[in-house]
K.L.:
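This structure is in structure tokens; I'll ask about it shortly.
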There are 2 protein chains.
Amino acid sequence: MTARPEPRFARVASLIADPSRARMLALLLSGEARSAGELAHAVSITPQTASTHLSQLLDAGLVKLRAQGRHKYFMLADADVARLLETLALVAERDSVAARWETPMYRPLKYARTCYCHLAGELGVKQHLALIERGVLVEAEDGALALRETSREWLQAAHFDDAKIATLYRESTKKRFAYGCMDWSMRRDHLAGAFATTLLEHYLDKGWLRKTKTQRALASTPAGAAMFAKLF
Amino acid sequence: MTARPEPRFARVASLIADPSRARMLALLLSGEARSAGELAHAVSITPQTASTHLSQLLDAGLVKLRAQGRHKYFMLADADVARLLETLALVAERDSVAARWETPMYRPLKYARTCYCHLAGELGVKQHLALIERGVLVEAEDGALALRETSREWLQAAHFDDAKIATLYRESTKKRFAYGCMDWSMRRDHLAGAFATTLLEHYLDKGWLRKTKTQRALASTPAGAAMFAKLF
DNA sequence: GCTATGCTTCGATCTTCGTCGAAACATTCT
DNA sequence: AGAATGTTTCGACGAAGATCGAAGCATAGC
């Protein structure tokens, strides 16, 4: 009778539905690449089982693969997948969000964490807001965010050297250079895209942020705190 | 050892993963309320089965319920759930998106459709862009979109009467009055929120848009086409 | 009250799929 | 070449859960 589009998203959901796969995907949300064995160990399953899971995720395009010798490194396929996982978490956690984020265990995660390869949490949202408010990034007609000529000042204030700045301007014409990504702890956008990735790497490089023992949490150093107060 | 947060989103994903539940959710994406029996029939399962499914969705907060006599009407819990489903679809369909949307069957869906209770598709994206570009909506400091005093002109041009306009301004202080929602066919934001819902109802009222036989597709009438050309 | 209709609970069945042991395959190192 | 390590394939087992028939509740209308 009526052509009812069999929802293809059920397949994707079923891939995320399995606890082992979900845990692997959650690990990969940090943006780092992990080998099959690492992932298996991290979620407490045998390598065989992990292998089947990973090949399924690969087939569905949720993860991508970089083979290196006898190792296979997996990462999330792209930022859309990361966005999907964060959106899923937003819905899954919303009842308990307010309470949960204030517990000591989650506090650092709320302040700053990695989402895919960029900065999320309070600091990530603040960054997103500040860059738009100060006109460092402007929304182009296609919804993406772009650098302006005057953005150079901010980049210099953030201690980027001239070579790096030139590179950024060159990359800024590419698709998905910078755009908003929903933050599930803040329910607001934070900054995503290649530019966001570069910024995060830069902050880590300069020692303004450091990774913590907790999977995805980031802490700002004293120098970083001072810097961020100026920049955001 | 390390406190690894068992990903709660796996539970949500598993709820969407079942084909029957997924089809029901897809139906509810139109924003309309459907009774349990209707849903059962629409996805070709018995009422008993549908009942168990719906109670699970209810428990998880994916749908909400309005009981009316011996009928129970279900709808998506809120716009976050709609956003989740659209994000899921974005990832699920992305390989075939470009091709798929151009097939005759999907063409009307791409032009305009309902997403939860608001307008999506090309027309929805155009509306979002136009309202921001013309300054009818401005982004507040918390990321939400708000009306301005000068927005009254646009509302009048859209044939809203003074009483309705007053109501809109009163509502505009509420949370989630207007904000962006990712559109999976356009990969851009369209307008969501209470304001977007009102606009869509208004367009249908005025006969500028009409529902089609296809589930969620909307078609614009000649009068509507002329109107939208002016407004967007 | 009784009957019809819509929804839910219970029990049983059947399918799907995650899991691991065993063995194979691939790559690197000596 | 041979050993060690990382990953994959195969087969079997077992648990989870989707489904439906039958019976039970609840509401609306007579």
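Quick note: numbers below take in every heavy atom, side chains included, and nothing from hydrogens, waters or symmetry partners. The chains referred to below are lettered A, B, ... by the order of the sequence lines, with proteins before strands, and numbering in each begins at 1.
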K.L.:
If a protein heavy atom is under 4.0 Å from the base, mark B; if only from the sugar-phosphate, S; if neither, -; do that for nucleotides 8-20 of chain D going 5' to 3'.
P.N.:
BB--------SSB
K.L.:
Between atom CG of A:L218 and atom CG of A:L123, what is the distance when rounded to the nearest 0.5 Å?
P.N.:
8.5 Å
K.L.:
Identify the 5'-most and 3'-most nucleotides of DNA chain C with at least one atom closer than 4.0 Å to a non-hydrogen atom of chain B.
P.N.:
C:dA4 to C:dT9
K.L.:
I'd like to check A:M24 versus A:I45 (side-chain heavy atoms, cut-off strictly below 4.5 Å). Are they in contact?
P.N.:
yes
K.L.:
With the threshold set at 4.0 Å, does a side-chain nitrogen-carboxylate oxygen contact exist between A:R113 and A:E86?
P.N.:
yes
K.L.:
Tell me, please, which residues at least two apart from B:T221 pass side-chain contact (heavy atoms from CB on, under 4.5 Å).
P.N.:
B:R210, B:A223
K.L.:
Does a donor on one side chain sit under 3.5 Å from an acceptor on the other, for B:S220 and B:Y203?
P.N.:
no
K.L.:
Just how far is it from atom CG of A:L119 to atom NE2 of A:H190, taken to the nearest 0.5 Å?
P.N.:
8.0 Å
K.L.:
Using a cut-off of under 3.5 Å, enumerate the N/O to N/O pairs linking the protein to nucleotides 3-5 of chain D.
P.N.:
{"residue": "D:dT5", "atom": "O2", "partner": "A:R70", "partner atom": "NH1", "Å": "3.2"}

K.L.:
Parallel, tilted or perpendicular: which describes the rings of A:W208 and A:H202, with under 30° parallel and over 60° perpendicular?
P.N.:
perpendicular
K.L.:
With salt bridge (Lys or Arg N to Asp or Glu O under 4.0 Å) as the rule and sequence neighbours excluded, what pairs involving residues 70-79 of chain B come up?
P.N.:
A:R94-B:D78
K.L.:
Based on the rotation axes of five pairs at each end, what angle does the helix from C:dG1-D:dC30 to C:dT30-D:dA1 bend through, to 10°?
P.N.:
30°
